[in-house]
Amino acid sequence: MNPETAHMLYGTHFNSGGIVMPAWLVQIALILIVIRSVYMTFTLSQHSKKPWIDLLHYISVAIVAMSFLLH
């Protein structure tokens with residue numbers, strides 16, 4: 001069975017080793033990544049001297065995770 005068929009039938013993701021990863025587990029991980037990134041963005045934005053590189057990093061991580069989650 002090819003990975004596309006398995007994903008449609010079972011809601012799974014294949015990695016390069018052929019191990020099946022449940023889609024719900026990947027979605028939970030992406031949700032946690034988004035939550036942590038938003039939290040860190042909020043926390044770092046409260047500093048008087050803002051660490052712009054770190055802020056941009058957490059914002060970009062949240063954007064990429066959301067794009068995978070909504071895909």
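Just so you know, these numbers use all the heavy atoms, side chains as well, and skip hydrogens, waters and symmetry mates. Everything numeric in this text was worked out from a predicted model, so none of it was measured.
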Can you give the donor-acceptor pairs under 3.5 Å from side chains of residues 40-48 to other protein atoms, not counting sequence neighbours?
from, atom 1, to, atom 2, distance (Å)
T41, OG1, S37, O, 2.8
T43, OG1, Y39, O, 2.9
S45, OG, T41, O, 3.2
S45, OG, F42, O, 2.7

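- I35 is connected to V64 through a chain of hydrophobic side-chain contacts under 4.5 Å among Ile, Leu, Val, Met, Phe, Trp and Tyr, so both are in one cluster.
- Put simply, I59 and L70 are part of two different groups of oily side chains (I, L, V, M, F, W, Y) that touch within less than 4.5 Å, one to the next.
- The side-chain contact (heavy atoms from CB on, under 4.5 Å) test applied to L69 returns Q27, L30, I31, M66, not counting sequence neighbours.
- Y58 and I53 fall into different hydrophobic clusters, where Ile, Leu, Val, Met, Phe, Trp and Tyr residues are linked whenever their side-chain heavy atoms come under 4.5 Å apart, directly or through other members.
- Cluster membership check: L32 shares its hydrophobic cluster with V38, using side-chain heavy-atom separations under 4.5 Å among Ile, Leu, Val, Met, Phe, Trp and Tyr.
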